[in-house]
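Numbered from 1 within each chain, the chains take letters A, B, ... in sequence-line order. Quick note: numbers below take in every heavy atom, side chains included, and nothing from hydrogens, waters or symmetry partners.
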There are 2 protein chains.
Amino acid sequence: MNLKDFKYLVALADTGHFGKAAAKTFVSQPTLSAQLRKLEDYLGVKLVERRPKNVRLTEVGRQIVVRARRMLDESNEIIALARNNTDPYSGKLKIALIPTIGPYLLPRVMKRIRKALPDLGLMLYEYQTEPLLKLLREGDIDVGIMALPAPPDGLLSCELYQEDFTVALPTHHPLTDKTTIKAQDLRGHTLLLLEDGHCLRDQALEVCSRVGVRESEDFRATSLETLRQMVAAGLGITLLPELAVDAGFGSQRGLAVRRFAKPAPARRVGAVWRKSTTRAAAIHELCGIIGQAITAKT
Amino acid sequence: MNLKDFKYLVALADTGHFGKAAAKTFVSQPTLSAQLRKLEDYLGVKLVERRPKNVRLTEVGRQIVVRARRMLDESNEIIALARNNTDPYSGKLKIALIPTIGPYLLPRVMKRIRKALPDLGLMLYEYQTEPLLKLLREGDIDVGIMALPAPPDGLLSCELYQEDFTVALPTHHPLTDKTTIKAQDLRGHTLLLLEDGHCLRDQALEVCSRVGVRESEDFRATSLETLRQMVAAGLGITLLPELAVDAGFGSQRGLAVRRFAKPAPARRVGAVWRKSTTRAAAIHELCGIIGQAITAKT
DNA sequence: CGAAACTGATAGACTGCGTCTATCGGAGCG
DNA sequence: CGCTCCGATAGACGCAGTCTATCAGTTTCG
C-alpha cells in the first residue's frame with residue numbers, strides 16, 4: 001500500500017475518469033489503471049464501478065477516499081513542516097544558562113541575536129551546571145552556557161569570553177582604600193558565598209582558599225543579587241564576576257567594587273552542546289554573535 | 001515519499017534504536033537506516049539525532065512523527081474498512097421498487113432476505129419506473145424491481161416471477177356471477193385506473209383497449225389502495241396484479257376478485273441492475289431468494 | 001445501420017528502488 | 001587497551017512501477 005496509490009484514487013474520485021485522473025497525477029492511463037487495480041486487489045474490495053461513460057465510486061470507495069484525502073493532507077503538512085524548517089537558522093533552539101551568567105549576559109546579547117537570527121526561536125532556561133549538563137546530554141536542551149571547562153564526554157564547547165572576578169565590598173570597608181586588590185589582601189575578611197551547586201561558589205572558594213579567607217558559616221545566598229544586598233548591608237565581602245558588576249538591578253548604594261591586580265583571577269565562560277546535535281550551524285552562529293557582543297562592549 | 005518510510009520513522013521514534021526499530025518493522029537495520037536517510041534527504045531536514053547510545057528525535061522530527069502517526073492510523077482504518085466490506089453479501093444495497101410491487105412483494109420476502117443475508121443492509125426506496133431507471137443508471141440505487149422488459153442499454157435484468165392480472169369488482173357487480181372472466185367480458189364496463197406514470201396503468205390499458213373498455217374520465221387513483229377502495233365503493237372495476245389481491249390492508253368488504261380465464265393476461269416482474277455494478281453477487285443471491293419466496297407461496 | 005470515437009484493460013519491456021548480507025568505523029566501557 | 005554495541009556503507013539482486021503499443025467493449029453520429 002503506497003501513498004501514490006491513494007493519490008491516484010483521489011484523482012479518480014475527483015475526475016470520474018481514468019485518463020483525466022492519470023493526466024492530473026502525471027502518469028499514463030495504463031499505469032493509473034494498473035495501480036488502482038492493485039490497490040483494489042490488496043484491499044480485497046472494488047473501489048470504483050467502471051461504467052462506459054464515466055466512473056463512479058463504490059460505497060466503500062467513497063469511505064476510503066475520505067480517509068485517503070486526510071492522509072494526503074497529512075503528508076502535505078509534513079512536507080510544509082519540513083520546508084519551513086529547512087533553514088538551519090530557524091526553528092526552536094533551547095538554550096540554558098547558569099544563574100550567575102544568565103541575568104547578566106542575556107541583556108547584553110539578546111537584541112543582537114534577534115537581529116542576526118530573526119527566525120531562530122530561542123527558548124531560555126536557567127539551571128545550575130550539573131542539572132544543565134544532564135538535560136543537555138538527554139537532549140532536552142540544545143546548548144548550555146556555563147563556566148568552562150565542560151566534561152568532554154559526547155560534548156563540544158566553545159569559549160565565549162573570559163571574565164575577571166572582582167571584589168565587592170561594603171562602601172566603608174578598609175579594602176576600598178586600594179585601587180587594585182591582591183588575593184592575599186582578602187585574608188582575615190569574612191566571605192559571603194552562594195549556596196551549594198553554584199559553580200561560582202567553587203570558583204570563589206578556589207581563589208580564596210589558598211590565602212585562608214574564612215567563609216561566613218551561617219549564610220548561603222540563593223542568588224547573586226541577594227549576595228550583593230548582603231555585602232551592601234555590611235555583612236561581609238564577596239567575589240563578583242565582571243559581567244555582574246554593572247548590572248543595574250536595584251541600587252548600588254552601599255556597595256564598592258574593586259578589581260584584582262593583574263593577573264586577575266578569572267573564569268572562562270563558554271557554550272556547550274552535544275557532538276551529535278543537529279543544530280550545529282545555528283549554535284556556531286550564536287556563539288559568534290555572543291562573543292562579538294561581549295568583547296565589543298567590554 | 002512512502003508510507004513505509006513513515007512506519008520506519010515511527011518505529012524509530014518508539015524504540016529510539018535503529019536495530020530494534022528494524023526488527024519491529026521486519027526489515028534489516030541497513031534498510032531502515034537507508035530509508036530513513038532517504039526520507040531526511042527528501043524532506044531536506046534532519047529528523048533524528050544519532051547519538052552513540054541511543055537516538056533522539058529532532059524538534060521537526062517530533063512534529064513530523066505526530067503527523068506520520070495520524071497517517072498510519074488512517075491507513076489502518078482504510079484496511080479495516082476494506083476488510084469489513086470484503087464479504088460481497090455485506091454492506092449497503094440500495095433497492096428501489098415500483099409502487100404497485102413494493103407494498104405487496106416486500107412483506108413476503110423481507111423475512112427470508114434478512115435470514116439469508118443478515119449482513120446485507122437493504123435500503124428500500126419506491127419510485128415509478130422512469131425515475132427509478134434514471135436513478136439506477138446514475139448509480140444512486142443498485143437494483144430496481146419493476147415490470148419487465150427493462151430497456152437494455154447498460155442494464156441487465158432477471159425475471160423474478162410472473163403475476164396474472166385479476167379483475168376487482170364491487171360485490172354486487174354482474175360479473176361476479178362468473179368464476180373466470182374473459183377479456184371480452186369487460187366490454188362496456190367502467191374501468192378505474194392509476195394516474196399517469198404507473199406502468200400498471202399502461203399494462204391494464206393494453207389488456208382492455210383491445211376489447212373497447214372505456215376508462216372513467218374524471219378519476220385517476222394515486223395508489224392501488226385508493227383504487228381498491230373506489231372499486232369497493234361501487235364506482236367501477238379495475239385490474240389488480242395477483243400479489244396485490246391478498247394484501248390484507250384494511251377491509252376487503254364490498255370487493256370481489258375474479259381470475260381471468262387461461263391464458264390470463266399477466267406481467268413479468270424482475271430485478272434490474274447496471275452491467276457495471278459491483279454488487280452482482282449480492283444481487284444474484286437476492287434474486288434467487290425472492291424468486292423462491294414467491295413461487296413457494298403461490 | 002455501420003463507421004468512428006472514446007474509455008478502460010492488457011501485453012511486454014525497461015528501469016530504478018527497496019531489500020538483503022557482509023563489513024566498516026567510531027564511541028563507550030571495563 | 002581490547003571488547004562490545006551501534007549506525008553507516010558497499011555491492012548484489014529481484015520485484016514493482018512505469019512506459020508504449022494495442023485490444024475490446026460502448027456510445028455516438030452520419
Are any of the side-chain nitrogens in A/Arg62 or A/Glu59 under 4.0 Å away from the carboxylate oxygens of its partner? yes
Nearest-Å distance, CZ (B/Arg37) to C1' (D/dA10)? 13 Å
Tightest non-hydrogen contact, residues B/Glu159 and B/Gln162, listed as OE2-CG, 3.2 Å
Any side-chain N or O of A/Tyr42 below 4.0 angstrom from OP1/OP2 of D/dA16? no
B/Glu74: which residues meet the side-chain hydrogen bond (donor to acceptor under 3.5 Å, both in side chains) condition with it, sequence neighbours left out? A/Arg70
Phosphate contact (C/dC20 OP1 or OP2) by B/Ser28 side-chain N/O below 4.0 Å: yes
salt_bridge(A/Asp5, A/Lys38) N-O dist < 4.0 Å: yes
Is there a side-chain contact between A/His17 and the phosphate of C/dG8, meaning an N or O under 4.0 Å from OP1 or OP2? yes
Would you say a side-chain N or O of B/Lys4 is under 4.0 Å from OP1 or OP2 of C/dT19? yes
Considering just the side-chain nitrogens and oxygens of B/Lys38, establish if one lies under 4.0 Å of OP1 or OP2 belonging to C/dG18. yes
Length of the CG-C1' vector between A/Asp153 and C/dC29, whole Å: 12 Å
Rounded interatomic separation in angstrom, taking CZ from A/Arg56 and C1' from C/dG8: 19 Å
I want to verify a distance call: between C/dT19, C/dA9, D/dT18, whose nearest atom is closest to the A/Gln35 side chain? D/dT18
Would you please test B/Gln203 and B/Arg267 for side-chain hydrogen bond (donor to acceptor under 3.5 Å, both in side chains) and show each step? CA-CA 8 Å; B/Gln203 292 150 7; B/Arg267 66 174 182 178; 3.2 Å; yes
Roughly how many Å is it from NZ in A/Lys7 to C1' in D/dG17, rounded to a whole number? 14 Å
Can you tell me which nucleotide in C/dA22, C/dG8, D/dT20 comes closest to the side chain of B/Pro30? C/dA22
Here the distance between atom C1' of C/dC6 and atom NZ of A/Lys20, to the nearest Å, is 11 Å
Once you round it to whole Å, what is the distance between C1' of C/dA9 and CG of A/Leu32? 12 Å
Which sits closer to the 5' end of DNA chain C, B/Phe26 or A/Ser33, going by the nucleotide each is nearest to? A/Ser33
From the options D/dT18, C/dA9, D/dG7, select the nucleotide whose nearest atom is closest to the side chain of A/Phe18. C/dA9
What is the distance, rounded to the nearest whole Å, between atom OH of A/Tyr8 and atom C1' of D/dT18? 8 Å
Return the value, rounded to whole Å, for the distance between atom CG of B/Asn2 and atom C1' of C/dC17. 10 Å
Residue whose closest nucleotide on DNA chain D lies nearer the 5' end, B/Lys275 versus B/Arg51: B/Arg51
For DNA chain C, whose closest nucleotide is more 5', that of B/Thr31 or that of A/Arg50? A/Arg50
